[in-house]
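What follows is a set of notes on a single structure, which appears directly below.
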Amino acid sequence: MSETPDIEALYRIDGKVCVVTGASSGFGDRFARVLSAAGGKVVAAARRRDRLEELVSELPDAVAIRCDVSDDEQCRQLISQTISHYGQVDVLVNNAGITDAVHAAEEANIEVFRNVVDVNLNACFLLSALAAQDMLTREEGSIINVASVHGLVASAPNLQPAYAASKAGLVNLTRDLAVQWAKRGIRVNALCPGYFDTELTRGMFEDERSTKWIERNASMGRGGSLEELDGALLFLASNASSYVTGIPLPVDGGWIAR
């Protein structure tokens with residue numbers, strides 16, 4: 001007779017050390033709370049330390065580390081301080097990101113473009129490599145890169161060439177790292193949200209014309225609610241996805257299915 005599966009345990013991450021960048025608001029704040037609720041020990045990282053301190057004060061086992069991911073040395077310190085405090089890194093959520101909205105491509109604002117790529121792509125590579133150095137010693141770990149539907153399709157009519165390019169690069173970086181480390185115990189996947197009401201997109205959700213555009217293009221006819229990312233995040237962080245690596249997972253209300 002087959003053993004009854006323990007579904008709840010499948011999505012638990014008890015004792016796992018989870019680093020979340022961009023944790024001071026939006027997705028990052030929510031991700032930190034969800035991982036903590038599933039049993040994880042959370043390292044919340046972002047530039048705004050006051051918000052981080054407020055967040056970790058509400059979690060049972062969490063620490064705040066100020067980190068600007070565009071600074072290589074701060075990225076190195078984030079991982080080293082995590083290991084110093086908790087002894088290891090089990091889950092890395094590369095969530096910190098910025099956008100270049102309202103900059104048309106013909107303006108050739110190369111400094112803005114470089115800065116967006118540095119935060120959204122280059123930092124994810126460095127942090128993944130640093131975390132992997134620890135994960136490989138145990139042949140176990142999960143890296144979750146927070147990309148976007150605009151890593152899979154163009155952002156038009158929004159003017160976001162750097163954002164779209166960086167997120168598309170992140171999707172393929174995910175695939176490449178996944179293949180490199182697949183036989184060595186590390187899974188690397190990308191979470192690709194559609195439009196959610198966060199600090200980054202607040203202006204769109206407060207504008208009637210933009211809201212109507214979101215409703216037209218999402219097959220479900222609406223933007224997402226933050227809690228609708230919980231399941232996908234826990235799936236990728238936990239043993240529920242033990243045979244899943246190298247995928248971009250859209251959570252987009254049917255945005256790219258049209």
Side-chain angles (χ1 to χ4, degrees), residues 6 8-24 27-49 51-69 71-96 123-146 173-174 177-178 180-191 230 233-245:
D6 187 342
E8 183 179 354
L10 189 63
Y11 290 87
R12 296 290 302 180
I13 53 169
D14 294 296
K16 298 293 186 183
V17 179
C18 307
V19 177
V20 181
T21 66
S24 60
F27 290 162
D29 179 282
R30 180 72 184 185
F31 292 162
R33 295 176 189 277
V34 171
L35 293 170
S36 177
K41 302 176 180 181
V42 172
V43 177
R47 291 175 298 174
R48 294 175 289 192
R49 188 173 183 88
R51 291 194 180 187
L52 293 178
E53 294 290 358
E54 181 179 352
L55 168 63
V56 301
S57 72
E58 299 172 10
L59 305 180
D61 194 350
V63 295
I65 298 178
R66 188 188 181 282
C67 179
D68 179 348
V69 299
D71 185 315
D72 293 352
E73 184 54 33
Q74 290 188 41
C75 288
R76 294 187 178 95
Q77 286 297 314
L78 171 59
I79 300 302
S80 66
Q81 288 178 35
T82 297
I83 294 171
S84 177
H85 185 84
Y86 282 123
Q88 61 194 59
V89 180
D90 298 298
V91 178
L92 170 65
V93 183
N94 281 315
N95 169 71
C124 295
F125 169 70
L126 177 57
L127 285 166
S128 296
L130 294 168
Q133 291 172 14
D134 175 69
M135 293 174 176
L136 288 169
T137 65
R138 298 183 311 283
E139 297 187 333
E140 182 181 15
S142 174
I143 296 173
I144 303 168
N145 293 320
V146 181
L173 174 66
T174 296
L177 296 181
Q180 287 197 37
W181 296 329
K183 294 180 180 178
R184 303 171 73 188
I186 301 176
R187 295 178 294 106
V188 188
N189 293 289
L191 188 58
D230 296 355
L233 175 73
L234 285 179
F235 172 68
L236 296 178
S238 69
N239 285 334
S241 60
S242 60
Y243 196 55
V244 176
T245 197

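Considering NE2 of His85 and OG of Ser80, their distance stands at 13.5 Å, rounded to 0.5 Å. Between the CG atom in Leu59 and the CD atom in Glu54 there is a gap of 11.0 Å [rounded to 0.5 Å]. Distance CG/Leu92 to SG/Cys124: 8.0 Å, rounded to 0.5 Å. Here the CG-SG distance, from Leu233 to Cys18, works out to 8.5 Å after rounding to the nearest 0.5 Å. Residue Ser142 holds its OG atom at 6.5 Å from CG of Asn189, rounded to the nearest 0.5 Å. Residue Gln88 holds its CD atom at 7.5 Å from NZ of Lys16, rounded to the nearest 0.5 Å.
Side-chain contact check for Val188 versus Ser128: every heavy-atom pair is 4.5 Å or farther apart. Annotation: side chain of Tyr86 is in contact with side chain of Val63 (closest heavy-atom distance under 4.5 Å). Taking 4.5 Å as the limit, every side-chain heavy atom of Glu140 sits out of range of all side-chain heavy atoms of Met135. By the 4.5 Å heavy-atom criterion applied to side chains, Ile143 and Trp181 are counted as neighbours.
Among pairs with a residue in residues 124-134, those fulfilling salt bridge (charged side-chain N to carboxylate O under 4.0 Å, His left out) read Asp134-Arg138, at least two apart in sequence or across chains.
Not one N or O on the side chain of Arg184 forms a donor-acceptor pair closer than 3.5 Å with the backbone of Glu139. A donor-acceptor contact shorter than 3.5 Å links the side chain of Asn95 to the backbone of Thr21. The backbone N or O of Gln81 lies less than 3.5 Å from no partner atom in the side chain of Ser84, so there is not a single donor-acceptor pair. Asn239 contributes no side-chain N or O that, together with a main-chain N or O of Leu10, makes up a donor-acceptor pair within less than 3.5 Å. With hydrogens and angles disregarded, a donor-acceptor distance shorter than 3.5 Å links the side chain of Ser241 to the backbone of Phe235. Ser24 contributes no side-chain N or O that, together with a main-chain N or O of Arg47, makes up a donor-acceptor pair within less than 3.5 Å.
Here the closest heavy-atom approach between residue Leu55 and residue Ala32 is recorded as CD2-CB, 3.9 Å. The two residues Ala237 and Ile13 make their nearest non-hydrogen contact at O-CG2, 3.9 Å. Nearest approach of Cys75 to Leu126, heavy atoms of both residues: CB-CD2, 3.8 Å. Here the closest non-hydrogen pair linking Thr245 and Ala178 is OG1-CB, 3.4 Å. Of all the heavy atoms in Arg12 and Asp14, the pair that sits closest is NH2-OD1, 2.6 Å.
Residue Glu8 qualifies as open at atom CD: its count of foreign heavy atoms under 6.0 Å is 12 or below.
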Exercise. Could you walk me through whether Val146 and Phe31 pass the side-chain contact (heavy atoms from CB on, under 4.5 Å) check?
Worked result: CA-CA 11 Å; Val146 181; Phe31 292 162; 3.8 Å; yes

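Checked options Ile65, Val93, Leu78; the residue passing with Val19 is Leu78 (criterion: side chain to side chain contact (heavy atoms under 4.5 Å, CB included)).
Residues meeting the side chain to side chain donor-acceptor pair (under 3.5 Å) test with Thr174, sequence neighbours left out: Asn145.
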Acceptor/donor pairs from residues 33-46 side chains to any protein atom, 3.5 angstrom cut, sequence neighbours excluded:
unit_1 : atom_1 : unit_2 : atom_2 : d
Arg33  : NE     : Asp29  : OD1    : 2.7
Arg33  : NH1    : Glu58  : OE1    : 2.7
Arg33  : NH2    : Glu58  : OE1    : 3.0

